[in-house]
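These numbers come from the heavy atoms of this one structure, side chains and all, not from hydrogens, waters or symmetry mates. All chains are named by letter (A, B, ...) in the order of the sequence lines, taking the proteins before the strands, and each is independently numbered beginning at 1.
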Amino acid sequence: MAPRAGRLIAGVFVVPVLLLAGCGGGSSSSNTAPAADQGPQTGTINVLGSDNAETYAPVIKAFESANAGIKVNYSQVPFDQFNSTLQQRLGAKDSTIDVYTVDQPRVSQLAAKGFLVDLTDLDAKTKAATSQASYDANHFRDKLWSLPMWNSTQFLFYNKSALKKAGVTPPTTDPEQRWTWEQVATAGKKAQQAGGTKYGLLLEQAEAYYQLQPLAESLGGGSGITGPDALTPAVTTDGWKKAMSWYGGTFASGLSPRGIGGFQTGPVFSNGNVAFFVGGPWDIGVFSSAKVDWGIAPMPYFEGGKPVTPTGSWSLGINPASKQQGMARKFIEFATLDTAGNLATTEATTIIPANTKSEAQYLPRLEKLAGSKSTGAAEIVSYEASKTAVGRPVSVGYIQFEEVMGKAFADIRNGTDAASRLETATSQLNEAWKSIK
Amino acid sequence: MDSTGEVSRVGNPMRTRQPRRLGKATKAGRATKADRAGQPGQGRVALLFLLPALISLALLRLIPAGVALVDSFFTESLLRGGRVFVGLGNYSDLLGNADFRKSVGVTLLFTVIVNPLQIAVAFLLAVLYTQRATGSKFWRSLVILPIAVPPAVSAVIWSVIYRPDGLGNSFLDLLKIPAQPFLTSTEQALPSIIVLLSWIGVGYWMLFLIAGINDIPDDIHEAASLDGVSPWRRLWSITLPLVRRPLAFVLVADTVSNLLVFAPVQILTKGGPNGTTNLMMYDVYNRAYAIGDLHTAQAEVILLVAVTLIIVALQFRLLRGDDR
Amino acid sequence: MKRTLLSAGAAVIGLLFFIPLLWVLTGSLRPGSETFARLSPLSWDSFITVHPTLENYSKLFTGDIGRATANSLLVSVSTVLAGLAICSSAAFALSALRFRGQTAVFAIVVLSFLIPFDAIAIPLSDMFRDWNLTNTFTGLVLPGIGNGMAIFLLRQFFLAIPTELVEAGRLDGLGWFGVFIRIYLPLSRPALIGAGLTLFLFQWHSYVWPLLMGTDRGHILGPVALANLQGQNFVDYGVVFAGAVLLTLIPLAVILGFQRYFIQSVSSSGLK
């Protein structure tokens with residue numbers, strides 16, 4: 001509990017400035033004044049995230065040995081309560097949080113509420129360090145609010161033995177030769193009929209916008225959000241309707257199973273019950289010990305459409321109520337913009353570092369993670385990041401959007417007509433956004 | 001609970017409750033009693049006994065509820081920033097919202113089914129587990145046990161039971177019954193949630209009824225069985241009336257608990273399919289914690305408490321005359 | 001014959017309630033990769049494993065769960081002790097005494113448990129912040145002590161205690177406090193156990209509240225530690241189930257331990 005005293009002393013000087021910065025609510029009022037209110041040079045900073053402590057142990061160790069006198073104390077809040085806990089504690093100007101992990105699509109809302117310190121002075125450095133998509137994802141109203149730590153993409157995993165049994169030649173790892181969803185459906189059905197697997201296809205997060213946005217985008221349906229304020233729903237475009245009817249059909253036909261969700265989808269693949277599985281880089285680690293023989297391919301697209309893949313992950317941001325912002329900045333810069341530091345954040349977990357140089361060092365490791373099964377992963381990751389990745393929309397209403405769409409996807413999955421359900425979603429979105437406009 | 005008439009008829013001879021009623025009925029009665037005991041009025045004594053509870057209820061429940069009520073008259077604009085007073089705006093938004101109205105309907109339907117079901121099962125189990133049978137204390141502990149399981153894990157267990165390829169359908173398959181859709185169908189989702197909540201709750205409610213049944217003096221049962229009263233009749237006209245007070249507690253507490261439940265819905269169905277399991281408390285929780293729209297959430301809580309209050313008031317009315 | 005039938009019925013129903021938990025128990029003794037492997041078709045090894053492993057448990061104890069369980073126990077037991085004292089005395093006033101405004105007070109008690117705690121937790125946590133109770137055991141215990149449902153429960157049982165006993169006690173020179181301690185409490189053991197369990201479980205399942213209060217690792221509670229076992233992209237259900245078993249064992253011990261007092265009833269313990 002040593003940090004308390006230090007924080008208290010620093011608090012006397014910084015409180016007035018922070019109150020100004022914190023109370024503004026809008027982004028315009030909080031201009032960073034790095035010189036005056038950085039707090040003490042040494043002490044303990046508190047980092048809040050939703051991953052387990054082991055994930056951050058390597059980066060914290062590396063940071064502490066590079067910065068004598070600064071200790072980092074990480075605390076975990078379970079993911080399902082993370083955003084609400086954060087809102088509540090940031091709203092109450094809780095100064096026991098210095099740094100917290102930021103879910104990229106929530107950057108706009110957190111920034112609009114005045115819950116993030118403006119980091120625009122690091123803009124150039126960030127632009128140089130990371131991909132365009134993750135640079136954009138941390139911006140709101142032309143300012144930089146958080147620094148990208150991780151990145152993600154999706155792969156098509158396939159059950160090798162099931163495809164062999166069905167006489168299907170598996171897809172290749174070459175992104176230029178990627179399969180269409182139609183091909184996947186046909187091959188999946190064959191695998192089911194040949195008795196190799198119970199199901200043909202399963203998406204890891206079967207009801208999540210993150211994984212389904214690319215389906216609509218592949219058919220030119222757009223992100224689903226439009227308008228100058230990014231608070232106008234656009235989920236009834238032809239692309240959305242077509243993609244979602246196809247998606248609903250995969251469940252109606254029995255190609256894909258209803259009623260399996262949460263964290264139970266991965267085991268369906270690793271227990272050999274589904275021919276094709278769409279999942280993230282983390283699954284390479286999870287499936288590496290599975291008894292099934294599997295391979296990896298790029299995420300499919302729709303026939304006649306364009307390849308689109310999801311991207312984005314977590315960033316690090318600073319709490320404006322923190323009284324140790326100097327040390328906090330040091331830490332987040334180290335964990336994101338520093339090559340070794342960013343790489344260390346991925347040492348204990350399977351996730352792609354957002355820093356391009358760290359990524360280059362990381363990918364060979366990912367490629368070998370599951371032996372020969374994951375061969376080709378590195379090539380896919382780099383290709384998707386530069387050619388096909390489309391981020392989630394930047395909108396202060398993203399949280400409501402994700403919630404409304406999640407329920408719509410669930411209903412479509414359970415058999416509700418896609419076109420009319422998307423209409424319903426539109427009116428639900430209008431209603432939900434009315435209060436924040 | 002339409003047996004209350006019978007309850008008081010059978011109940012009266014068992015315990016002398018007359019002096020108690022006096023307090024409610026006449027001032028003279030109270031005065032007599034106080035004089036006899038040689039005591040001043042009981043108001044001050046009562047206050048001393050009540051004070052700690054009243055302070056904690058006020059500070060920990062009622063004042064924050066008051067804050068929530070005030071919050072429900074405001075809204076927060078992200079684009080313009082800041083808190084804006086909107087009066088009853090949040091309420092009229094809610095009432096004008098089709099999803100919300102459906103949610104009220106689902107909640108009422110759920111209440112009407114789940115409470116009689118759970119109370120009947122809990123009562124029958126309480127009777128079963130107070131019979132002199134081998135190991136009954138151990139077996140009833142297993143029935144009580146689900147309440148102790150972390151709610152998140154209970155939800156995982158039942159998601160596995162209800163999966164299309166899960167334990168439920170595998171079991172039905174043994175009985176040659178075709179696979180059921182459970183949580184993925186608009187017809188079966190709410191009943192499925194009710195079954196899982198009953199698994200969690202009936203043992204718990206049974207516990208209080210067992211405590212009530214154990215309070216029935218043995219000689220009453222002995223006398224009844226000597227008189228040749230059939231077991232079923234004994235259950236209906238002796239046991240049931242004699243546990244009326246615990247039963248009143250279980251009725252009210254179970255109703256309130258079921259109106260305030262949200263964890264299984266949050267984890268298993270998120271209110272779907274098509275809003276058929278969108279219970280009000282889940283909706284409140286979702287608004288407050290997932291979406292972060294605290295102001296509308298608080299307005300919905302106030303409406304939920306109002307609905308609960310009406311239902312509980314009806315129940316007390318039903319139990320009236322017997323309650324004191 | 002009848003007794004055998006009843007015993008069989010009691011056992012079968014008990015087992016039916018237990019089967020889902022047996023699956024969890026078995027899952028905790030299996031590698032996490034096999035948790036969902038034997039769901040269909042059903043066979044004996046869906047519920048039983050012949051190669052039990054304690055690996056999940058050893059993984060579990062590298063984390064915070066040990067400390068969290070101890071903390072939860074401390075918080076729950078403190079809540080039961082303080083809560084029973086507060087709630088039973090209130091229930092006593094609402095049942096044994098007569099005073100003006102009694103109905104109104106009872107209505108307030110009922111109203112207090114109609115208010116969903118999770119909904120008011122957010123404003124309440126702001127208040128606790130002002131009172132500097134964040135990240136303290138006091139802050140964790142307090143919300144559990146004023147429990148309207150426990151007051152209501154105890155009142156219902158207290159009403160069953162015959163007035164004659166009170167009168168007799170008063171004539172013997174007992175004050176109201178003496179009547180409460182010497183007559184009401186001993187005669188209401190099952191109800192007190194029931195109310196105690198209600199208070200205990202409220203805290204044992206406490207999840208949202210400690211998070212809102214910004215509780216650190218030193219004050220972490222069981223359900224939070226259990227939820228922390230879930231990663232963002234992957235959950236090892238073997239370990240989660242091991243945690244669930246651990247967190248269920250303690251209330252089980254409480255329930256089993258107090259079962260013997262349930263035989264004690266008013267009639268057998270002093271009425272005659």
In terms of heavy-atom proximity below 4.5 Å to chain B, should [X] be classed as side chain, backbone, both, or neither?
X      : result
A:Q88  : neither
A:Q81  : side chain
A:R413 : neither
A:Y199 : side chain
A:E431 : side chain

Quick one: what part of B:V156 sits under 4.5 Å from any heavy atom of chain A, side chain, backbone, both or neither?
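Contact with chain A: backbone and side chain both.
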For B:F100, which atoms come within 4.5 Å of any heavy atom of chain A: side chain, backbone, both, or neither?
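The answer is neither part of B:F100.
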Kindly compute the distance separating [atom1] ([X]) from [atom2] ([Y]), expressed to the nearest 0.5 Å.
X      : Y      : atom1 : atom2 : answer
A:Q109 : B:I291 : CD    : CD1   : 10.5 Å
B:T184 : A:F251 : OG1   : CZ    : 11.0 Å
A:T424 : B:D99  : OG1   : CG    : 8.5 Å
A:N83  : B:Y289 : CG    : OH    : 13.5 Å

Among A:R258, A:K434, A:Q264, A:Q428, which residue has the highest count of heavy-atom pairs closer than 4.5 Å to chain B?
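Looking at each option in turn, the highest pair count goes to A:Q264.
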So, for [X] and [Y], which heavy atoms are closest and what is the spacing to 0.1 Å?
X      : Y      : result
B:E76  : A:K113 : OE2-CE, 4.3 Å
A:E403 : B:A290 : OE1-CB, 3.9 Å
B:G272 : A:D411 : CA-OD1, 4.3 Å

Test item: B:T186 and A:T416 side chains (from C-beta on) under 4.5 Å apart, heavy atoms
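Heavy-atom side-chain distance check fails, nothing below 4.5 Å.
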Pairs of heavy atoms under 4.5 Å with chain A: top-ranked of B:N286, B:L183, B:N274:
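If we count pairs closer than 4.5 Å to chain A, B:N274 comes out on top.
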If we define contacts as heavy-atom pairs under 4.5 Å, which of B:T75, B:D293, B:N97, B:L294 has the most with chain A?
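Looking at each option in turn, the highest pair count goes to B:N97.
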B:F73 atom CZ: more than 12 heavy-atom contacts under 6.0 Å:
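Yes, CZ of B:F73 has more than 12 neighbouring heavy atoms, counting only those of other groups under 6.0 Å.
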